[in-house]
K.L.:
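For reference, the structure I am asking about is given below.
Within every chain, numbering begins at 1; the chains are lettered A, B, ... in the order of the sequence lines, protein sequences first and strands thereafter. Here the structure is a predicted model, which means the values were calculated and not measured.
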Number of protein chains: 2
Amino acid sequence: MTSDAPARRMTRDERREQILDAATAVFARGGYAGTSTDQVARAAQVSQPYVVRLFGTKEELFREVFDRVASEIVARFEAVPPGPGAKSAMGEAYTRLIADPDQLRVLMHGFVLGSDPVLGTRAREVLARAFDLYRTRAGASDEEARDFVARGMLLNTLFAVQAPAHADDDPVLAVLVRCTVDPSDGPGRAAAGEAR
Amino acid sequence: MTSDAPARRMTRDERREQILDAATAVFARGGYAGTSTDQVARAAQVSQPYVVRLFGTKEELFREVFDRVASEIVARFEAVPPGPGAKSAMGEAYTRLIADPDQLRVLMHGFVLGSDPVLGTRAREVLARAFDLYRTRAGASDEEARDFVARGMLLNTLFAVQAPAHADDDPVLAVLVRCTVDPSDGPGRAAAGEAR
DNA sequence: GACGCTAGTTATCGACTGATAACCTGTCAA
DNA sequence: TTGACAGGTTATCAGTCGATAACTAGCGTC
């Protein structure tokens, strides 16, 4: 009945999307070098050679995965309308990524491969864009925008090392996690007016 | 004379240190999965099997490399005496790591492997310790300390994607790099007395 | 109802990698 | 000298990986 898949046939583009989804999850753990095209294939329920053929190269596949993640994150920031509420809205936009940690991890794996010309360029674009958007949309200073992006990187790192899951082990870590994930300052104080 | 190495014999511990140095450089680019024990061996001018024998396992080797880097970074923070100058001193301590970007990159590669129980634990310790030291040594608030650690992660990322080298390509990126590498707020004012 | 296109597979390969085993060699002590 | 231990090498392997080639099968259409 519904048990075994009838091996439906998909269009090339449908398959690409499906494989990209699977690849995002698999690359998230493992990273680029630590993940085989076969793992991706199995996750997508496709044969390994087909994965290679559709994307040409493992490297190309990773680039597409990274690009997809990067684009979506940037798009979220761009969706925030300028104005007084922009600061908290952008903070929330990034925090919402926690719901899908795979994206954060892929992002980090891409950053770490910054030596690659293509990936590096794309990575720099993402960082610069996020920085700039926070400045313009939220009317923030360079330093505020830097701290915003920095907090994002810290969030990535904390999730990569599974800090939230181990917060109970170390009270200090717990504090760091809490005040990063749920920024008590930033939006609150800053939006209210940080004339000091 | 001094031309070709006479293939001096070293003690086991000397060799270990030498290999760890070489491994730090090689792992910095490439990361764990993307680096072969043979690359490490060549960098250290030793045969590949010897590297494996000395450390038991590639994984174990990477752990030692990471541990070494982590320890040194923590040690730098711990060396800062408490007091009013502590904030800028700790900022400078981390910024000085820029002189040896290999350490930053190894650190990041370790973070990204946070799923590994051993590495993950060590990584969380480093982050929590840096956070705590900044609070206690500099008498900073949780939020300030978080921003300090976050800035460190951003610094790592910017170097990983070679942002400083490409600052000329994008003026926005240039601003981000400048105000991260040379923090004009926080420490800057106090220490260097940068009345621009 | 066969043709042709596109989705997808199985078979296979050459390169590489981490690890093991067996062997060699410098150096110091008796 | 010789012995013996620590430092270090060459030879080798089983497994894995990315990629290519050749083949198969669904599906619309004339």
Side-chain angles (χ1 to χ4, degrees), chain A residues 4-66 109-110 113 115-116 118-119, chain B residues 4-66 106 109-110 113 116 118-119:
Chain A
D4 59 345
R8 243 207 73 242
R9 235 183 126 177
M10 302 173 73
T11 74
R12 179 191 181 86
D13 284 347
E14 280 173 333
R15 243 340 160 203
R16 278 183 69 95
E17 285 306 306
Q18 181 197 329
I19 292 176
L20 284 173
D21 283 341
T24 301
V26 179
F27 276 133
R29 341 181 196 295
Y32 170 71
T35 302
S36 68
T37 55
D38 191 58
Q39 287 175 267
V40 173
R42 269 200 298 269
Q45 314 229 57
V46 182
S47 69
Q48 176 266 336
Y50 194 45
V51 170
V52 174
R53 257 237 310 245
L54 272 186
F55 295 90
T57 270
K58 181 187 168 186
E59 207 176 320
E60 199 57 48
L61 169 60
F62 185 81
R63 286 205 196 109
E64 288 206 35
V65 169
F66 181 79
H109 283 297
L113 293 180
S115 319
D116 176 277
V118 181
L119 232 45
Chain B
D4 59 347
R8 242 206 75 240
R9 237 184 123 168
M10 301 173 73
T11 76
R12 180 191 179 85
D13 284 347
E14 280 174 333
R15 243 341 159 202
R16 278 181 70 94
E17 285 306 307
Q18 180 196 330
I19 292 177
L20 284 172
D21 283 341
T24 301
V26 179
F27 276 133
R29 340 179 196 296
Y32 171 71
T35 302
S36 68
T37 56
D38 190 60
Q39 286 176 266
V40 173
R42 270 201 298 270
Q45 314 228 59
V46 182
S47 69
Q48 177 266 337
Y50 195 44
V51 170
V52 174
R53 257 236 312 241
L54 272 186
F55 295 91
T57 271
K58 181 187 168 186
E59 207 176 320
E60 199 57 49
L61 169 60
F62 185 81
R63 285 204 195 111
E64 288 206 34
V65 168
F66 180 80
V106 165
H109 283 297
L113 295 180
D116 176 277
V118 182
L119 232 44

K.L.:
Answer yes or no: is there a side-chain heavy-atom contact under 4.5 Å between A:V118 and A:E59?
P.N.:
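Heavy-atom side-chain distance check fails, nothing below 4.5 Å.
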K.L.:
Send over the distance from A:L54 CG to C:dT6 C1', rounded to a whole Å.
P.N.:
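After rounding, the gap between these two atoms is 11 Å.
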K.L.:
Considering all heavy atoms of both residues, which atom of B:A44 and which atom of B:R15 are nearest to each other, and what is their separation?
P.N.:
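Nearest heavy atoms, B:A44 then B:R15: O-NH1, 4.5 Å.
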K.L.:
What is the distance from NZ of A:K58 to P of D:dC17, rounded to the nearest Å?
P.N.:
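Roughly 9 Å, once rounded to whole Å.
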K.L.:
Specify the separation, in whole Å, of atom CD of A:Q39 and atom P of D:dT16.
P.N.:
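So the CD-P distance, A:Q39 to D:dT16, works out to 11 Å.
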K.L.:
Looking at A:T37, does any N or O in its side chain come under 4.0 Å of the phosphate oxygens OP1/OP2 on D:dG18?
P.N.:
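Looking at the OP1 and OP2 atoms of D:dG18, one of them is under 4.0 Å from a side-chain N or O of A:T37.
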K.L.:
Side chain of B:R9: nearest nucleotide among C:dA19, C:dA11, D:dG7?
P.N.:
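Among C:dA19, C:dA11, D:dG7, the one nearest the side chain of B:R9 is D:dG7.
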K.L.:
Which whole-number value in Å describes the distance from A:Q45 CD to C:dT9 P?
P.N.:
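The distance from CD of A:Q45 to P of C:dT9 comes to 10 Å, rounded to the nearest Å.
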K.L.:
Does A:Q39 use its side chain to pair, donor to acceptor, with the backbone of A:S36 at less than 3.5 Å?
P.N.:
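Present.
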K.L.:
Expressed in angstrom and rounded to an integer, what is the separation of B:F55 atom CZ from C:dA19 atom C1'?
P.N.:
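Rounding to the nearest Å, CZ of B:F55 and C1' of C:dA19 are 16 Å apart.
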K.L.:
Just call it for B:S47: base, sugar-phosphate, or nothing, with non-hydrogen atoms closer than 4.0 Å on any strand.
P.N.:
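Base, at least one base atom sits under 4.0 Å.
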K.L.:
Side chain of B:P49 only, please: which of D:dA11, D:dG18, D:dG8 is the nearest?
P.N.:
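Taking heavy atoms from C-beta onward, the closest nucleotide is D:dA11.
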K.L.:
Minimum heavy-atom separation for B:F62 to B:Y32, with atom names?
P.N.:
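Closest approach of B:F62 to B:Y32: CB-CD1, 3.6 Å.
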K.L.:
Kindly point out which of C:dA19, C:dT9, D:dA19 is positioned nearest to the side chain of A:Y50?
P.N.:
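The closest nucleotide is C:dT9.
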K.L.:
Within the side chain of A:T11, is there an N or O that forms a donor-acceptor pair under 3.5 Å with the backbone of A:E14?
P.N.:
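Confirmed, A:T11 side chain pairs with A:E14 backbone.
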K.L.:
Should A:R63 and A:L119 count as side-chain neighbours, where that means a heavy-atom distance under 4.5 Å?
P.N.:
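In short, these two side chains touch, coming nearer than 4.5 Å.
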K.L.:
Side-chain contact test, heavy atoms from C-beta onward, threshold under 4.5 Å: evaluate it for B:R16 versus B:F55 and give yes or no.
P.N.:
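Answer yes - side chains close enough.
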K.L.:
Pick the nucleotide of DNA chain D nearest each of A:D38 and A:R53; which residue has the one closer to the 5' end?
P.N.:
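Per heavy-atom nearest nucleotide, the more 5' residue is A:D38.
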K.L.:
Report the distance from atom CD of A:Q48 to atom C1' of C:dC13, rounded to the nearest whole Å.
P.N.:
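So the CD-C1' distance, A:Q48 to C:dC13, works out to 12 Å.
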K.L.:
Listed in order of residue number, which residues of residues 11-34 of chain A have a non-hydrogen atom at under 4.0 Å from DNA chain C?
P.N.:
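Here the set is A:T11, A:R12, A:R15.
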K.L.:
Using atom CZ of B:F62 as one end and atom P of C:dG18 as the other, report the distance to the nearest whole Å.
P.N.:
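Result: 13 Å.
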